[in-house]
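As a basis for the values below, the full set of heavy atoms in this structure was taken, side chains included, without hydrogen atoms, waters or symmetry mates. Both counts, for ligands and for their atoms, begin at 1 and track the order of listing.
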Amino acid sequence: MPGYETIEHDVLVIGAGGAGLRAAIAASAAKVKVGVVCKSLLGKAHTVMAEGGVAAALANVDDRDGWKVHFTDTMRGGQYLNHYRMAEIHAKEAPARVHELESWGALFDRTPDGRILQRNFGGHRYPRLAHVGDRTGLEMIRTLQDHGIHQGIDVHMEHTVLTLLRDGDRVAGAFAYDRERGRLKVFRAKAVVMATGGIGRAFRITSNSWEYTGDGQALAYDAGADLMDMEFVQFHPTGMVWPPSVRGILVTEGVRGEGGVLRNSLGKRFMFDDIPPLYAAQTADSEEEGWRYCTGDKDARRPPELLTRDHVARCINREVKAGRGSPHGGVFLDIAWIKEKLPNSVEHIKRKLPGMYHQFKELADIDITQEAMEVGPTTHYIMGGVRVDAESQMSTLPGLFAAGECAAGLHGANRLGGNSLSDLLVFGKRAGDYAAAWAKEHALGRVPEEAVAAAEREAMAPFERTQSADVAPFLLHSELQDCMQDLVGIVRREEEMARALTTIAGLKSRAARVAVQGNREFNPGWHTALDLKSMLLVSEAITRAAIQRKESRGAHFREDFPAKDEAAGRINLVVRRGQDGAMQIVPEAVPQPTAELKGIIEEMK
Ligand SMILES: Cc1cc2nc3c(=O)[nH]c(=O)nc-3n(C[C@H](O)[C@H](O)[C@H](O)COP(=O)(O)OP(=O)(O)OC[C@H]3O[C@@H](n4cnc5c(N)ncnc54)[C@H](O)[C@@H]3O)c2cc1C
């Protein structure tokens, strides 16, 4: 008898966030047998934490909006390293995906005439984010979950996939363990959709929850698929900085969209001092114009606080380093000031930003309707991930698809806020459609017993090793977080990143000796020991790609190469395992937009 159970599906979706659920719904609509595996409980994915909204050019609040403007904003935000076709599909299909969500029961905030309300967000030319207060992700997950469970999808909760299984050169399934009982399982599938989200837990300060350890990227890479753009990690400008126990928790960009301003310890709105040329024509000249923009004046331009995240995060970093920061190492984000403009500001803030109001009240004893918040950058999102075909979302490993945050291509060097939730819906659906089509054309692959036996040995090995303080899983995790935060963070230098690679190599060899104790049921030490492999792999990929990109672009800022480099601006960095097993970083030309799309970009400049 094998030490594991075997379960068969036509399409296996790994991850139950927005991308995974949308893929599962699409695949089951194509009448194939679908299974969803997720690391925690259904409904608890990262997507549920999304606050500000989902970007779609519905043009409900400003009729000048449309797919062309959304496409151009996304390309500009990504500094033209985006896959143009993904940006085009995304901009064109996002409105239909949002309306579909509404038809499945999502209750968005409304305009006075009853249409879906849209709010301002960084880098979007017009108000574009459909939202539900600042709890949009909750509504999205609730709706997808409700809809999904009526489609006959099998859900395997609290299961962590540890290895992808191959049959020759195609994917044949996945090997997993369930956290509750510690049992091992083999999932056989004709097609697999990877939808595992981000990598934030590899860094010390992050808005991400415990599940985001880069598993999808690492599993795909290990199985032979290409990764791409891994150097582009988004540091969101506004995370909580105090008290220490909540450091990194996100403060939505919606605060700035509603008129919140950033000030340093001198009380100065420092964002007016540094407006990048690419955005100069679209940015307000005065505080007064910025406020008018936030209140919907179509003739006003956006305040500099709503410049792209990469830029705002670096400006905050600069203020803190120059000694003009707040008492706990951030800067001040003030929405309370709008009482000068709105007599009912307290109710207004509580209605528009209920989550933020409660978050600060409960966690920091700050009333944001009266006082400024202290905020600073937090590791939030990764633009890079599994390299996919723009139409089908298939990776370079046949039968393996990827969607959502774990896939690369749409966002280029920097993601605009709100473009993730729309990404999940648009490309989650596509991944599910194409995975189902693939499953109809292919039989189940053979799952090699040797591969399963090797995966089982690897999973169980930490129990068999001798305990030693220097290989405790939490210690290794903590050292990795310090290394990535300090050496591969928001401002990067070659010499520091080279040190990071040495540290990662040392951690890898210690992780190969990692030991845990206790039994297999709900064993957090064991879980962390298994997570380490993915976190170390994605950390190495991020660091190697960041060393190779010798310029500053989007979220990647090199102190030793502070300018953009024209030639580097024409390449994506592909991460691939070489013949000798070592990680290779291979430059490849960025696909060039069609003449029509180039014309649209020019026209919208
Ligand atoms: C606080 C916060 C606020 C945000 N606000 C916004 C916003 O307003 N607008 C916006 O567009 N974006 C926002 N984002 C970003 C956005 O929420 C995420 O990028 C997006 O939700 C990712 O969705 P996903 O479906 O790719 O993955 P996730 O929602 O992250 O789901 C990943 C799934 O994969 C599972 N998983 C992971 N590893 C494994 C494994 N090894 N085995 C099995 N299952 C696994 C997890 O359990 C989970 O079910 C926000 C992010 C945060 C953290």
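- Taking distance alone, with nitrogen or oxygen atoms compared against 3.5 Å, Ser420 approaches ligand 1 more closely than that limit.
- In terms of protein heavy-atom proximity, atom 35 (C) of ligand 1 is nearest to Gly15 CA, 3.6 Å.
- Looking only at heavy atoms of the protein, atom 42 (N) of ligand 1 is closest to Val161 N, 2.9 Å.
- In summary, the atoms of ligand 1 found under 4.0 Å from a heavy atom of Asp215, numbered by their order in the structure, are 38 (N), 39 (C), 40 (C), 41 (N).
- Near Ala195, the atoms of ligand 1 lying under 4.0 angstrom from a non-hydrogen atom of the residue are 32 (C), 33 (C), 34 (O).
- Under the 3.5 Å distance criterion, with hydrogens and angles disregarded, no donor-acceptor pair is assigned to the side chains of Thr143 and Asp146.
- Of all atoms in ligand 1, listed by their number and element, those nearer than 4.0 Å to a heavy atom of Gly418 are 9 (N), 10 (C), 11 (O).
- Across the listed options Glu51, Arg415, His156, Arg415 owns the non-hydrogen atom lying nearest to atom 12 (N) of ligand 1.
- For atom 22 (C) of ligand 1, the closest heavy atom belonging to the protein is Glu405 OE1, 3.8 Å.
- Checking Met140, Arg142, His147 one by one against Leu144, the side-chain contact (heavy atoms from CB on, under 4.5 Å) holds for a single residue, Met140.
- For Gly20, no nitrogen or oxygen atom sits less than 3.5 Å from a nitrogen or oxygen atom of ligand 1, counting backbone and side chain alike.
- Contact annotation: Asn419 has at least one heavy atom less than 4.0 Å from an atom of ligand 1.
- Ranking protein heavy atoms by distance to atom 46 (C) of ligand 1, first place goes to Glu211 OE1, 2.9 Å.
- With a 4.0 Å heavy-atom cut-off, ligand 1 is reached by the backbone of Thr160 and by its side chain too.
- Cation-pi contact between Arg415 and Tyr381: present, with separation from the ring centre below 6.0 Å and deviation from the ring axis of at most 45°.
- Residues meeting the ring-ring contact (aromatic ring centres under 6.0 Å, His included) test with Phe203, sequence neighbours left out: Phe235.
- By heavy-atom distance, the residue among Leu21, Ile14, Leu421, Thr206 lying nearest atom 11 (O) of ligand 1 is Leu421.
- The N/O atoms of Ser207, backbone and side chain alike, include none that comes under 3.5 Å of an N/O atom in ligand 1.
- For the ligand labelled ligand 1, residue Gly137 lies outside the 4.0 Å heavy-atom shell.
- For ligand 1, the polar-atom distance check against Gly417 finds no nitrogen or oxygen pair separated by under 3.5 Å.
- Formation of a donor-acceptor pair under 3.5 Å by the Gln217 side chain with backbone atoms of Val538 is not found in this model.
- Taking distance alone, with nitrogen or oxygen atoms compared against 3.5 Å, Thr47 approaches ligand 1 more closely than that limit.
- For Arg520 and Glu180, the salt-bridge test fails: no basic side-chain N is under 4.0 Å from an acidic carboxylate O.
- For atom 36 (N) of ligand 1, the nearest non-hydrogen atom from the set Thr196, Leu416, Leu144 comes from Thr196.
- Of the possible donor and acceptor atoms, one in the side chain of Thr378 sits under 3.5 Å from a partner among the backbone N and O of Gly248.
- For ligand 1, the atoms lying closer than 4.0 Å to a non-hydrogen atom of Met49 are 1 (C), 2 (C), 3 (C).
- Counting atoms of ligand 1 from 1 in the listed order, those under 4.0 Å from a heavy atom of Tyr212 are 28 (P), 30 (O), 31 (O), 32 (C), 48 (C).
- Here the protein heavy atom with the shortest distance to atom 44 (N) of ligand 1 is Lys39 N, 3.2 Å.
- The closest approach between His131 and ligand 1 stays at or above 4.0 Å for every heavy atom of the residue.
- The contact set between ligand 1 and Tyr381, taken as ligand atoms under 4.0 Å from a residue heavy atom, comprises 19 (O).
- In terms of protein heavy-atom proximity, atom 24 (P) of ligand 1 is closest to Leu424 CD2, 3.6 Å.
- Ion pairing between Asp215 and Lys533 fails under the 4.0 Å rule for side-chain N and carboxylate O.
- Within the structure, the closest approach of Val37 to ligand 1 falls below 4.0 Å when heavy atoms are considered.
- Between His477 and Thr528, the side chains place no donor N or O within less than 3.5 Å of an acceptor N or O (distance only, hydrogens not considered).
- Inter-residue side-chain proximity for Arg204 and Thr206 is flagged as unmet; no heavy-atom pair is nearer than 4.5 Å.
- Checked against Asp65 for a side-chain hydrogen bond (donor to acceptor under 3.5 Å, both in side chains), the options Arg125, His124, Gln118, Arg128 give a single hit: Arg128.
- Listed by atom number, the atoms of ligand 1 under 4.0 Å from Ala19 heavy atoms are 25 (O).
- Among Gly53, Ala50, Gly52, Gly197, the residue whose heavy atom lies nearest to atom 9 (N) of ligand 1 is Gly53.
- Interface atoms of ligand 1 facing Gly404, defined by a heavy-atom separation under 4.0 Å, are 26 (O).
- Contact check on Glu139 versus Arg135 returns no salt bridge, with no Lys/Arg side-chain nitrogen under 4.0 Å from an Asp/Glu carboxylate oxygen.
- In this model, a donor atom of one side chain and an acceptor atom of the other lie less than 3.5 Å apart for Thr213 and Lys39.
- A side-chain contact (heavy atoms from CB on, under 4.5 Å) with His90 is found for one member of Asn82, Leu410, Leu425 and no other, namely Leu410.
- The closest side-chain donor-acceptor pair between Thr111 and Asn60, if any, does not fall under 3.5 angstrom.
- For atom 53 (C) of ligand 1, the nearest protein heavy atom (residue, atom name, distance) is His46 NE2, 2.9 Å.
- For ligand 1, one of its N or O atoms has an N or O atom of Ala16 under 3.5 Å away.
- Asn419 pairs by the side-chain hydrogen bond (donor to acceptor under 3.5 Å, both in side chains) definition with His70, Thr74, not counting sequence neighbours.
- For atom 51 (C) of ligand 1, the nearest non-hydrogen atom of the protein is His380 CE1, 3.3 Å.
- Between Lys185 and His159, the side chains place a donor N or O and an acceptor N or O closer than 3.5 Å (distance only, hydrogens not considered).
- For the 3.5 Å distance criterion, the side chains of Gln234 and Asp310 fail to qualify, holding no donor opposite an acceptor.
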